[in-house]
Structure formats: structure tokens, C-alpha cells
Amino acid sequence: MSQIPENESSATPSEAPAVGGRTVDLPPPVPAPAAASEPAAAPDPAPALEPAAVPGPAAVPGSAAVPESAAPPESAAAAEPAAAPGPPTQGLSPQVPVADLRISPVAAGIAAGYATTAAAVTLGSVVTLDGPGGAARANPGADVTIPLAMFNRHGLVAGATGTGKTKTLQLIAEQLSAAGVPIVMPDIKGDLSGLAVAGETSDRVTQRAADTADHWVPQAFPVEFLALAGQGQGVPIRATVDSFGPILLSKVLDLNDTQESTLGLIFHWSDQRNLPLLDLKDLRAVISHLTGDEGKADLKDLGGVSKSTAGVILRAVTNLEAQGGDQFFGETEFEIADLIRTIDGRGVVSLVESAALDTRPALFSTFLMWLLAELFEQLPEAGDLDKPKLVFLFDEAHLLFADASKAFHTAVAQTVKLIRSKGVGVFFCTQLPTDLPGPVLSQLGARIQHALRAFTPADEQALRATVKTYPFTKDYDLASALTSAGTGEAIVTVLSENGAPTPVAWTRVRAPRSLMAPAPESTRAGILAASPLLPTYAVALDRDSAYERLTGRLSTPDPAPPAPQGPAGVPLPPIGTSFPLPPPLPDPVWPDQPPPLPPQGGILADLTGNPAVSSFFKSLGSALGGALGRTMSGTRSRRRRR
């Protein structure tokens with residue numbers, strides 16, 4: 001006799017349709033007592049069960065729901081208590097428990113705003129507050145996604161310490177790499193090195209996979225370990241002082257606006273004198289020359305540069321050199337093209353070790369901005385792409401803007417605004433959205449906000465400001481959601497494919513598939529030793545530059561040129577020899593010619609004759625000249641580098 005599958009026999013006409021692979025739990029049907037009064041059907045259930053066996057196989061394989069046309073007759077319903085000892089489990093993935101697979105109408109409506117047919121990164125599942133006692137519960141299958149084409153609209157990952165920001169970055173990096181998109185990201189705590197190692201299963205990972213309908217499989221990803229030269233274990237990265245430019249270098253040296261403008265004039269003077277600034281000793285030699293007796297005339301030519309200000313800059317450069325900056329600034333300079341690589345169709349994740357974050361946080365954060373500026377300069381215009389060429393995940397972004405000058409803020413905002421057209425996406429990660437300047441925040445299209453903590457009045461004010469920046473939603477009380485979201489949960493809104501903001505979604509984020517811990521040292525050492533970049537950047541170069549040219553000029557006088565010879569071998573007089581000339585002829589005086597007018601003054605003549613005004617215009621000209629050949633971030637254009 002044919003048997004009815006357990007999940008089919010539990011469906012009756014009085015029950016609601018099945019959702020998400022199981023039927024909705026409802027109270028027992030009202031006519032149940034009447035069914036018990038039909039003794040004729042109980043002794044011989046076979047006639048009632050046989051007809052149900054015919055439409056049963058015609059249902060969708062593995063489905064827990066039975067269409068109305070396939071529902072068993074009432075006599076079969078009488079046998080239901082004997083055939084339903086527990087919840088249905090057939091047709092479901094073993095990683096997805098049957099506990100709660102319903103998708104609420106609220107979650108379905110929110111997920112519809114994230115639906116896309118294009119390639120996308122899946123963050124997780126929508127969370128609604130319809131669990132037992134109004135508790136938050138995930139809705140597996142109600143996915144929250146970010147289309148790959150929207151990653152060059154930039155984004156923000158924010159939240160208090162310990163709320164899961166780094167794991168969210170790890171998840172995004174994994175899916176971007178799998179889609180063939182290279183990634184650059186700093187490894188602040190060292191645990192992102194686990195991207196190179198397949199993850200390990202656990203009860204928490206299994207539960208998170210069930211909550212987010214993720215068929216989780218451990219997986220490793222291609223990783224390249226980078227480090228600032230002399231400040232970490234990785235392929236050494238170096239940059240020349242000239243390529244860094246005065247604006248970014250002023251941020252590293254902690255200079256004020258006046259000192260920053262003075263440094264710009266010093267860079268311009270070096271450009272005019274053909275003195276390449278490759279390392280810190282070159283910059284120190286130039287400033288020492290300008291503040292010494294030999295450079296008094298050159299310092300005066302710069303105009304508006306005081307010797308005391310130049311001395312302050314010199315001391316800051318010397319301190320940076322003593323703290324290891326002399327190993328970072330120099331050659332061989334890192335080529336940005338080495339960041340945009342794929343291996344077997346998967347994007348390479350370039351992890352920049354942040355050992356310098358403890359001693360020189362400004363150097364590390366500004367170096368990351370230098371990478372972004374170099375990308376903007378070198379990459380061609382690309383327009384809107386199906387997926388970005390490169391995504392920059394900028395962790396601890398608040399260090400970038402701390403105590404930065406107005407010029408630096410402007411440079412960062414302009415770079416973030418314009419680099420979108422080069423096919424580069426930038427995601428900032430920090431604790432509070434207010435850590436970023438307003439002009440930068442206004443350029444961000446995606447928002448992944450983990451939980452905030454409101455323990456102080458300042459925290460409460462920051463919370464209110466954060467709520468105001470979200471689109472209106474009737475599905476959540478955002479102030480409550482932002483403070484009650486659990487670890488690995490975030491309040492999300494992104495740009496859809498048509499450029500409109502998606503509905504606000506409380507999201508339970510998926511678990512990364514790589515190791516959520518630092519990679520073993522042996523693994524790191526093996527990857528570094530096999531790196532194709534190591535032979536190129538392992539050895540530092542020290543070629544002829546400003547230091548060698550200035551010290552050589554001062555220690556060895558230039559040899560006198562040989563005296564030119566005449567046609568018969570007779571030495572010609574030296575250049576500059578004066579010969580007696582006849583006195584000039586007087587101007588002719590014509591009859592009836594009026595006498596010449598005396599020289600007339602005026603405002604323009606008075607201004608140009610004023611030494612202070614002349615010095616100002618000379619400084620202005622020098623500053624404008626120094627800007628030529630440099631990008632908006634102050635970095636040297638590659639076409640002008642020596």
C-alpha cells in the first residue's frame with residue numbers, strides 16, 4: 001500500500017499554505033471532534049489513503065507543501081494524529097533547521113527592495129520583531145544584497161567596538177574576490193589574515209548559516225601580504241617624498257596650515273632646481289640648505305617663507321626619520337598596478353599590515369590615502385561597470401581625518417567623489433558616522449550600521465544624528481534597533497540598481513567562509529616567500545637625488561670651464577669682459593616739442609613698489625607654480641616624476 005509522505009499528510013484544507021518549505025503552525029482545526037465521530041473510516045484507512053497516493057508523486061519533489069488539488073480527503077485527516085509525530089523535515093537542507101523558516105510579510109516587502117537579477121554580494125537575511133514575545137528573528141530567504149555594479153558608489157561600515165564590523169568586511173571581501181574583484185584592505189588586528197585559510201565549522205557558524213539560508217562551505221581566498229617598509233612582515237611598500245606631495249606629507253608631519261603652505265613652496269623650489277625628493281634625507285638636505293648661510297638668497301627668492309617656519313618643518317622631518325619613516329620613503333616605489341590582480345578568476349585580497357599604526361598612525365592612514373590618490377591618477381576613465389575594477393576597504397578610517405587640515409579634507413572628498421568614474425569603490429569603516437567629514441559622507445551610497453552604544457550624553461546625541469541620516473521607515477524604531485542589534489547584525493540601506501535607496505533592513509549578517517582568526521605564521525611565511533612581488537620590492541634603491549646634488553655642490557666647487565679659443569688659437573677674453581663703448585648720443589630735440597612730463601604715480605605703482613606686496617605676489621606665483629604637475633591631493637603626477 002502506498003504511503004503518504006509525512007510532510008504531505010500533515011496538510012489539511014483548514015491550514016494556511018506552506019511558506020519557506022514548511023507549513024505555518026496554526027491551532028488545531030475546529031472540526032476535529034466531528035472527525036472522531038466517524039468510526040467507519042478508522043477501522044479501514046486503506047480506501048481513504050489509496051486515492052491520496054496518486055497525486056502525491058505529482059507534487060514538486062522535496063516540497064513540504066501539497067497543492068489543494070492533492071489534499072487527502074477528510075478520512076485521511078482522521079489518520080493525521082498517527083502520522084504527525086514531529087515537525088516536517090523532508091526536502092530541507094541539513095544546514096537549515098526547521099525551527100523557523102517563515103518569511104513574514106514585513107520581511108518579504110523589505111527583501112523585495114533588494115531583489116536583483118544581476119551579480120550581487122549577499123549580506124544576510126532580514127530581521128523582524130515577530131518572534132516569541134516580540135523578539136528579533138531572522139527570515140531565511142529574505143536576502144539583503146548589494147549589486148556589484150553599485151560598489152563604486154562607495155559605502156560605510158560603522159558600529160561600536162565588538163559589534164562585528166571586521167567580520168562584515170571579511171564577508172564582503174570574500175564575495176568580491178569570488179566575483180573576480182581585487183580588494184585592498186588594512187589588517188588592523190591581524191585576524192583578516194585568516195582570509196588565506198579555509199574556515200572551521202562550529203555550532204555558531206551552523207546556526208548563523210541556518211538563520212541566513214547560507215549553504216556554508218569553508219573556503220580560502222588568494223591573499224597578498226603587504227607592509228610599510230621596515231614596519232611589518234609583508235612585501236615592503238615604499239613611496240617617494242615627491243610622489244607623496246606636500247598635502248599628504250603635512251598630515252604625516254602634523255603641520256598647521258601655515259607650515260603646510262611653506263612645505264608646498266619648498267617642494268616647488270626643489271622642482272625648479274631639478275632636485276628630486278626621493279627620501280627623507282633629500283627633504284632634510286633641501287630645508288637645511290634653505291635655512292643655512294648658503295641658501296639665504298634662495299630662501300629670499302621663495303618669498304613669504306620665514307626661517308623659523310622652515311626650522312619647524314626640519315625638526316618634524318628629523319623626528320619622522322628617527323621613527324622609521326626613512327625606511328618607508330624611498331625607492332623602489334610601489335606600482336599601483338600590482339594591486340589589481342586576479343588568480344584563477346578570483347580577485348587577490350591585498351592585506352596591508354598595520355604595525356605602524358601604534359607608532360605613526362598618521363603615516364599609516366595617510367599612506368592608504370596615497371594609494372587611493374595614485375589609483376585616481378593612473379586608472380583611465382571607465383564609466384559605469386558591471387563590477388568594479390578594485391574595491392578599497394578602509395578600516396579605522398577615523399585616523400585618516402583626525403587633526404587633518406582643510407586642504408586634506410578637500411582632497412579626500414574630491415578623490416572619493418571622482419574616483420567612482422575610474423571603476424574604484426571605497427568603503428570606510430569606523431565607529432561613528434560622524435568620524436567622517438560631511439562632504440565625504442554625502443558621497444557614500446551604502447550604509448551598514450552595526451550597533452551603537454549610548455552610555456553618555458555625547459553618545460545619545462550621536463545616536464540621534466545617526467537616526468536622522470536614514471531614509472524613513474515604518475518597519476523599525478531606528479533608535480531602538482541601533483542600540484539593541486546583536487553582534488553580527490546591522491541596520492542596512494544601499495543603492496539599488498536604479499540608483500534609489502533601498503528600504504531600511506535590520507540584517508543578520510552571514511558568517512565568513514574563511515578562518516575568523518589570524519592565519520598561522522607558517523602559512524603567512526609561505527605565502528610571502530612565494531609572492532611574485534617580493535623580488536621587485538625587497539631591495540631598496542638610493543639613486544642620485546637632492547641630497548647627493550646639494551652635498552656635492554657644497555663640498556666640491558664646480559670646475560671652471562676652459563677658455564674659449566679664437567680662430568688662430570688666440571684666447572678670447574673671458575665671458576663678461578666689458579669693452580669701452582662710446583658715450584650714448586643725446587635724444588634729439590625737435591622744435592616746438594613740449595617738455596617731458598614728470599613720472600606719475602598711482603595705486604598700481606604704489607602697490608608694485610611696496611616690498612610687502614611684491615613678496616606676496618612672489619609667494620602666490622610660487623604656490624601656483626608648485627601646484628602645476630601635481631594632482632588635487634598634492635601628489636606628483638607620474639608623468640612629471642624623475
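All values below come from the heavy atoms of this structure, side chains included, with hydrogens, waters and symmetry mates left out.
Not a single donor-acceptor pair under 3.5 Å links the side chain of N319 to the backbone N or O of A316. No donor-acceptor pair closer than 3.5 Å links the side chain of H154 to the backbone N or O of Q443. For E353 (side chain) and G234 (main-chain N/O), no donor-acceptor pair under 3.5 Å exists by modelled atom type. For K422 (side chain) and L379 (main-chain N/O), a donor-acceptor pair under 3.5 Å exists by modelled atom type. Of the possible donor and acceptor atoms, none in the side chain of S243 sits under 3.5 Å from a partner among the backbone N and O of A239. In this structure, D242 contributes its side chain and L278 its backbone to no donor-acceptor pair below 3.5 Å. At distances below 3.5 Å, not a single donor-acceptor pair connects side-chain atoms of S531 with backbone N or O atoms of I527.
The minimum heavy-atom distance between P186 and L192, with the atom names listed, is O-CD1, 3.6 Å. Closest non-hydrogen pair, S365 versus L399, comes out as OG-O, 3.5 Å. Minimum interatomic distance between I491 and Y470 (heavy atoms only, all atoms of both residues): O-OH, 3.0 Å. When all heavy atoms of T240 and L277 are compared, the closest pair comes out as CB-O, 4.1 Å. Between L275 and A546, the closest heavy-atom pair is CB-CB, 3.8 Å. For E335 against Y537, the heavy-atom pair with the smallest separation is N-OH, 3.1 Å.
Relative to the six-membered ring of F225, R524 meets both conditions, a distance below 6.0 Å and an angle of at most 45° to the axis. For the pair R238 and F334, the cation-pi test (distance below 6.0 Å, angle within 45°) is failed. Judged by a 6.0 Å distance limit and a 45° cone about the ring axis, K387 is not positioned over the six-membered ring of F151.
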TODO: Walk me through it: do D544 and R549 pass the test salt bridge (Lys or Arg N to Asp or Glu O under 4.0 Å)?
DONE: CA-CA 7 Å; D544 181 68; R549 297 180 187 183; 2.7 Å; yes
Open item on the list: Test side-chain contact (heavy atoms from CB on, under 4.5 Å) on V157 and H450; report intermediate values, then the result.
Closed with: CA-CA 7 Å; V157 180; H450 288 265; 4.1 Å; yes
- [ ] Evaluate side-chain contact (heavy atoms from CB on, under 4.5 Å) for E174 paired with S514, printing each intermediate quantity in order.
- [x] CA-CA 8 Å; E174 289 179 352; S514 57; 2.5 Å; yes
TODO: Test L452 against L432 for side-chain contact (heavy atoms from CB on, under 4.5 Å), laying out the working first.
DONE: CA-CA 8 Å; L452 293 175; L432 293 173; 3.8 Å; yes
Task: salt bridge (Lys or Arg N to Asp or Glu O under 4.0 Å) assessment of E321 paired with R284 - done: CA-CA 9 Å; E321 193 173 18; R284 181 162 45 82; 2.8 Å; yes
Task: Trace of the salt bridge (Lys or Arg N to Asp or Glu O under 4.0 Å) decision for R153 with D384 - done: CA-CA 10 Å; R153 298 302 199 276; D384 292 328; 3.6 Å; yes
Task: Worked verdict on F367 versus V352 for side-chain contact (heavy atoms from CB on, under 4.5 Å) - done: CA-CA 10 Å; F367 154 73; V352 185; 3.8 Å; yes
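In this structure, L249 and F329 have side chains that are in contact, with non-hydrogen atoms separated by less than 4.5 Å. Looking at heavy atoms from C-beta onward, T332 lies out of side-chain contact with V539 at the 4.5 angstrom threshold. Here the side chains of V252 and F244 are in contact, with some heavy-atom distance below 4.5 Å. Counting only heavy atoms from C-beta outward, the side chains of K389 and P380 approach each other to under 4.5 Å. The closest side-chain heavy-atom distance from L368 to F392 is below 4.5 Å. Residues V426 and L444 have side chains not in contact (no heavy-atom distance under 4.5 Å, counting atoms from C-beta outward). Inter-residue side-chain proximity for V348 and I183 is flagged as unmet; no heavy-atom pair is nearer than 4.5 Å. By the 4.5 Å heavy-atom criterion applied to side chains, L482 and V467 are counted as neighbours.
Under the 6.0 Å cut-off for aromatic ring centres, H409 and F401 qualify, their centroids lying closer than that. Taking the six-membered ring for Trp and the full ring otherwise, F394 and F427 have centroids separated by 6.0 Å or more.
No donor-acceptor contact under 3.5 angstrom links the side chains of T430 and E396, judged on distance only. Inspection of the S545 and E548 side chains reveals an N or O donor paired with an N or O acceptor under 3.5 Å. Under the 3.5 Å distance criterion, with hydrogens and angles disregarded, a donor-acceptor pair is assigned to the side chains of T161 and Q431. S421 and E381 share a donor-acceptor pair across their side chains, judged by distance under 3.5 Å alone.
The side-chain hydrogen bond (donor to acceptor under 3.5 Å, both in side chains) contacts involving residues 245-261 comprise E260-S405, where partners must be two or more places apart or lie in separate chains.
Considering CG of D338 and CG of L533, their distance stands at 5.0 Å, rounded to 0.5 Å. Interatomic distance, K417 NZ to F376 CZ, rounded to the nearest 0.5 Å: 11.0 Å. Distance check: L290 CG to K307 NZ gives 11.0 Å after rounding to the nearest 0.5 Å. Atom-to-atom distance recorded for I448:CD1 and K165:NZ is 12.5 Å, nearest 0.5 angstrom. Taking OG1 of T366 as the reference point, atom CG of L372 lies at 12.5 Å (rounded to 0.5 Å). Here I287 contributes atom CD1 and L263 contributes atom CG; the two are 6.5 Å apart, rounded to the nearest 0.5 Å.
Under a 4.0 Å N-O distance rule, the pair D191/K167 qualifies as a salt bridge.
With R447 as the partner, the side-chain hydrogen bond (donor to acceptor under 3.5 Å, both in side chains) test is satisfied by one option alone out of T493, T466, T469: T469. Screening L390, V391, L339 for a side chain to side chain contact (heavy atoms under 4.5 Å, CB included) with P182, the sole residue that qualifies is L390.
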